[in-house]
**Student:** 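I am attaching a structure below and will ask some questions about it afterwards.
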Amino acid sequence: MVTSYAFYRDRALAARAEAEAAPLANVRERHLCAAVAWEAMAARAARTGRLRLETEARKAAEARAALAAAV
């Protein structure tokens with residue numbers, strides 16, 4: 001998931017740079033819209049990664065507790 005976040009973030013940065021370099025307003029707007037979309041995808045990827053880590057930690061704690069209760 002980290003790879004996806006990094007990819008999305010990099011694309012957002014590239015889209016913003018392309019928007020700054022665009023001489024035409026419609027091209028600049030298109031790149032800015034793309035940057036917003038890439039940033040949203042990066043935010044979702046980061047959130048998904050956090051949730052996955054939290055779930056794995058919770059399941060590991062539950063497994064440890066079940067093992068301790070069984071002993």
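The structure presented is a predicted model; accordingly, all values stated were derived computationally and were not measured.
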**Student:** Answer yes if Leu32 and Val36 sit in the same cluster of Ile, Leu, Val, Met, Phe, Trp and Tyr residues linked by side chain heavy atoms under 4.5 Å apart, and no otherwise.
**Tutor:**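 As far as the 4.5 Å side-chain criterion goes, Val36 and Leu32 are not connected within one cluster.
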
**Student:** Which pairs, with at least one residue in residues 4-17 and sequence neighbours excluded, count as a salt bridge (charged side-chain N to carboxylate O under 4.0 Å, His left out)?
**Tutor:**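 Counting only pairs at least two positions apart or across chains, the salt bridge (charged side-chain N to carboxylate O under 4.0 Å, His left out) contacts touching residues 4-17 are Arg16-Glu39.
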
**Student:** For the atom pair CG (Leu51) and CZ (Arg44), what is the distance rounded to the nearest 0.5 Å?
**Tutor:**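 One gets 13.5 Å once the value is rounded to the nearest 0.5 Å.
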
**Student:** Could you name each residue pair satisfying side-chain hydrogen bond (donor to acceptor under 3.5 Å, both in side chains) that touches residues 59-71, not counting sequence neighbours?
**Tutor:**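 Only Arg58-Glu62 qualify under side-chain hydrogen bond (donor to acceptor under 3.5 Å, both in side chains).
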
**Student:** Show the atom names and distances, to 0.1 Å, of all donor-acceptor pairs under 3.5 Å that link a side chain in residues 20-29 to residues at least two apart or in another chain.
**Tutor:**
residue, atom, partner, partner atom, Å
Arg28, NH1, Ala22, O, 2.7

**Student:** Considering residues at least two apart in sequence or located in another chain, which fulfil the side-chain contact (heavy atoms from CB on, under 4.5 Å) criterion with Leu53?
**Tutor:**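 Partners of Leu53 by the side-chain contact (heavy atoms from CB on, under 4.5 Å) criterion, ordered by chain and then number, come out as Glu56.
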
**Student:** Other members of the hydrophobic cluster containing Leu13, with the 4.5 Å side-chain heavy-atom rule, please.
**Tutor:**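 Same cluster as Leu13: nobody, lone residue.
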
**Student:** Please give me the minimum heavy-atom distance between Tyr5 and Ala42, naming the atom from each residue.
**Tutor:**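 Scanning both residues completely, I find the closest heavy atoms to be CD1-O, 3.2 Å.
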
